Colleague: 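The structure's right below; bear with me while I get my questions together.
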Amino acid sequence: MGPYARALDANLLTFGRLLRSQGLLVSAFEVGLGARALAVVDLSDPEAVHLGLRTVFAKSPLEQRRFDRLFERFWSGDLASGTESPFDELQARIPNSPQPQGLSVLDWSQGRESEERVDTMGYSPAEVIAGQDFAGVETGQVETLKRLVARLGRKLATRLSRRHRLSQRRGQQLDFRRTLRHSLAHGGEPLELFRRRRRREKTRLAFLFDVSGSMMIYSQFLLQLAYAFVQQRALGRTEVFGFATDLYRLTDTLRLLGVEDAIGAARMAMPGRSGGTKIGTSLARFLERYGAALDPSTVTIIASDGWDTGDLEVLERAMRSLKRRSAQVIWLNPLAGSPGYRPSAAGMKTVLPFVDVFAPAHNLDSLRALEGHL
Amino acid sequence: MHSDIDAIQASLAEQSYIADRPTATALGLARALERPLLVEGPAGVGKTEIAKAMAQLLETELIRLQCYEGLDTAAAIYEWNYQRQLLHIRLTEESSRSLEARETEIFSHDFLLERPLLKAVLAKRSAVLLIDEIDRTDEAFEAFLLELLSDWQLTIPELGTLTAAHPPLTILTSNRTRELSDALRRRCLYLWIDYPSFDKELEILRARVPAAGEALTRQVTAFVQLLRRLPLEKTPGVAESLDWISALVVLDADSLGEEVVTASAGVILKHVEDQGRFRSKWLTVLLEAVSGPEGWREQVWLERAWQQLASKI
């Protein structure tokens, strides 16, 4: 290995560490692979090096964009000069280096809690009063919530799978493998027939909840609800999204961590959510990006107050499409829990024709009541 | 060795597959580093085609596993040929051989039905294995695949462990209907294919449907490029523009007019609502945009045409 190659490897290692610090899935293994990739591409051509390393290091469109930015900054200066890469200095030059994650997640989420309360006070005092129930939902009560959601899930699953059960009887197949194995004991006479049932299609769930300013006070409760949905096992594939002006997929974030870390991380994943809501746009984005995950056995649950600051035509179109592509659309509106509530927000009026179940969801009791609706 | 990447790009073009540099690089690296390649992107941008073109280029077999929900080992790896086994048991009923010997016989290679993954492992020379729409399977299958992709071994209880002598060039595609696990992503090299640029799409249409003629090809490219920017329920991919231009050739059109576009709109817009809004709101302005005298030149033109169009809608 010549001195040039060695300098290249050292730089690659530093670059790999930089990528990892920016959230890309890069370990020593990928760096090794990167080094092998450099042996294949034309080193005199910056674009070839760029594309080669990106193929190895960046594993999603988002990571590719991040990679492009970092590649530019890193290799424009340090590689050419051949000097040792000043990693720390580089770090300092890159904006938004995330703080080391971990403990801080929880501190952050708890620290924010009080500020949020203050923000919302100014927004609408009536809502704050209606929302007092939620503030009371402590993390300890997540267990109750999980049990409740499991019951809801089972209920949805059994109610919607009746059709599947009928078709299963017809679709029942012989299990040749077992039948034949056992027939050997009777000299090849298949005396016992073994049957195989088609794998049952479980009811799926898509849960989308509003995290915009007007829903801020419910956000803790809805996040806990989302967590409970993701953790339950009664239903099949469950996908969870938060939305305000944009859509955030939270399924993995909420699935892989304990409740407090998960909720903290989910909050971190949704920056700038205190503005208005574009429900229509968010739902349209959901359909466009994840719509293929919907099928006739999917129950879509949306939790929002229906205050849409976007185009109502977009909202109507998205709802029509949602309705057509899922088994059932359930709309949970926290405001519906307040006495005398009428769904008068223009957005709410737009969506109601496409909603199968419209129910309040502002506390545990209202969720228990929902069980009765199903 | 980097000439490999250029060579791939050139040879793919001979197969009428227009690969840009990221695509050629990814394919070159997948071969050189012997890693599976995960290809993601919207529907209809030619993800599956890559594998077909690669198999042609390498003059090797294309083995395809189409994924769906509930895909199981019997459909993906192997199955015993039960009819033959039953027949064999019958035919050897009178023989003096022991039960064990007869059992061994019916669980041998002759009675095995190879499904795509087993086929890929047993291949005599390195094949191209296409695992299509991996996002449609469940996590359990993904986990199984992860193991296979790392050591190319399969275990069949009756036969033991089989190891691939010539691991295939593996291409996985995903439409991103669900996120794949990080473990699978890490195992693979990655390629994102987006809708093509004006120039790339023009080149693709030219290469694949030469009968259309230059003027129509440019006009169709311009039309589809603009159409993609509109808020559609289902955005047409390259597959749709290819179908469309073929349909226009069949309809004997040499340029786009209201009548012929209306007649063939179903080929590019596969959603009732899209078609409705297309006819009532967009058709006229789109046609106007692509039929101007200085029309459909290239990317620069496209940006300008889009701005004009956006102001009218």
Side-chain angles (χ1 to χ4, degrees), chain A residues 25-27 29-30 33 36-37 39-45 47-48 50-52 54-61 63-64 174 176-177 179-181 183-185 187-190 196 198-201 236-237 239 249 251-252 281 284 287-295 314 317-318 320-321, chain B residues 1-6 21-22 24-26 28-33 35 37-38 40-43 69-70 72 74 79-80 82-83 85-86 88-90 92-93 99 102-103 106 135-136 138-139 175-182 185-186 188-192 194 231-235 271 273:
Chain A
L25 293 170
V26 174
S27 67
F29 175 79
E30 277 78 17
L33 213 56
R36 285 174 60 202
V40 179
V41 301
D42 181 358
L43 286 179
S44 65
D45 178 356
E47 199 199 343
H50 181 162
L51 291 175
R54 192 173 74 176
T55 305
V56 174
F57 287 140
K59 303 292 173 72
S60 70
E63 286 189 12
Q64 286 191 339
L174 271 182
F176 274 106
R177 190 173 294 190
T179 304
L180 210 66
R181 267 222 172 277
S183 78
L184 282 171
E189 211 62 62
R196 185 166 70 173
R198 271 184 55 193
R199 220 198 298 186
R200 202 176 101 174
E201 276 178 51
R237 210 165 105 195
E239 290 281 351
R249 183 173 178 277
T251 314
D252 290 339
T281 320
L287 286 164
E288 180 190 306
R289 283 271 278 112
Y290 304 97
L294 291 176
D295 68 10
V314 176
R317 216 162 45 234
R320 179 172 294 128
S321 189
Chain B
M1 204 155 148
H2 55 258
S3 56
D4 263 19
I5 290 172
D6 299 335
R21 283 197 73 184
T25 306
L29 286 178
R31 273 196 78 196
L33 307 182
R35 308 290 293 175
L37 176 64
L38 170 63
E40 290 192 316
E69 205 190 347
D72 59 359
E79 184 65 300
W80 292 105
Y82 303 111
Q83 283 84 349
Q85 284 180 324
L86 279 170
H88 189 81
I89 293 169
R90 273 298 145 116
T92 55
E93 227 164 29
L99 195 65
R102 287 166 60 204
E103 181 168 339
I106 62 166
D135 51 330
R136 288 205 196 179
D138 44 33
E139 279 91 359
N175 288 331
R176 309 195 88 208
T177 58
R178 80 180 163 86
E179 301 285 332
L180 303 173
S181 71
D182 281 351
R185 284 178 186 280
R186 292 189 67 164
C188 302
L189 301 180
Y190 184 82
L191 173 66
W192 169 261
D194 214 331
L232 297 168
E233 296 274 335
K234 191 180 175 313
T235 307
H271 211 284
E273 281 167 43

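In what follows, chains are A, B, ... by sequence order, proteins preceding strands, each numbered from 1. Fair warning: this is a prediction, and the values are worked out from it, not measured in the lab.
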Colleague: Is it the backbone or the side chain of A318(A) that comes under 4.5 Å from a heavy atom of chain B, or both, or neither?
Modeller: neither
Colleague: Determine the option with the most heavy-atom pairs under 4.5 angstrom with chain B, choosing from L287(A), L294(A), D45(A).
Modeller: D45(A)
Colleague: Check whether R289(A) gets within reach of chain B through its side chain, its backbone, both or neither, counting any heavy atom under 4.5 Å.
Modeller: both
Colleague: Please report the interatomic distance CD(E288(A)) to NZ(K234(B)), rounded to the nearest 0.5 Å.
Modeller: 11.5 Å
Colleague: When R35(B) is tested against each of L33(A), V56(A), T55(A) for side-chain contact (heavy atoms from CB on, under 4.5 Å), which residue passes?
Modeller: L33(A)
Colleague: To check you understand the geometry: which heavy-atom pair defines the closest contact between Y190(B) and P61(A), and what is its length?
Modeller: OH-CD, 3.2 Å
Colleague: If you compare all heavy atoms of K59(A) against all heavy atoms of C188(B), which two are closest, and at what distance to 0.1 Å?
Modeller: NZ-O, 2.8 Å
Colleague: Quick check for you: among E63(A), R54(A), Q64(A), which has the greatest number of heavy-atom pairs under 4.5 Å with chain B?
Modeller: Q64(A)
Colleague: Give the member of R36(A), E30(A), R317(A), R249(A) that has the highest number of heavy-atom pairs under 4.5 Å with chain B.
Modeller: R317(A)
Colleague: Given a strict heavy-atom distance threshold of 4.5 Å, which part of H271(B) is in contact with chain A: side chain, backbone, both, or neither?
Modeller: side chain
Colleague: Who are the side-chain hydrogen bond (donor to acceptor under 3.5 Å, both in side chains) partners of T251(A), not counting sequence neighbours?
Modeller: E239(A)
Colleague: side-chain hydrogen bond (donor to acceptor under 3.5 Å, both in side chains) with T92(B): which residues, sequence neighbours excluded?
Modeller: R102(B)
Colleague: From F57(A) CZ over to L189(B) CG, what is the distance, rounded to the nearest 0.5 angstrom?
Modeller: 11.0 Å
Colleague: Between E47(A) and R21(B), does any NZ, NE, NH1 or NH2 come within less than 4.0 Å of an OD or OE carboxylate oxygen?
Modeller: yes
Colleague: Verify the neighbour count for atom CZ of R31(B): are there more than 12 heavy atoms of other residues, nucleotides or ligands below 6.0 Å?
Modeller: no
Colleague: Is D42(A) close to I5(B) at the side-chain level, that is, under 4.5 Å between some pair of heavy atoms?
Modeller: no
Colleague: With chain A, which of I106(B), L191(B), L37(B), D182(B) has the greatest number of heavy-atom pairs at distances under 4.5 Å?
Modeller: D182(B)
Colleague: Can you see which heavy atom on A37(A) is nearest to which on L33(B), and at what distance?
Modeller: N-CD2, 3.9 Å
Colleague: Give, as side chain, backbone, both or neither, the part of R320(A) having an atom under 4.5 angstrom from any heavy atom of chain B.
Modeller: side chain
Colleague: Is any side-chain heavy atom of S321(A) less than 4.5 Å from a side-chain heavy atom of E273(B)?
Modeller: no
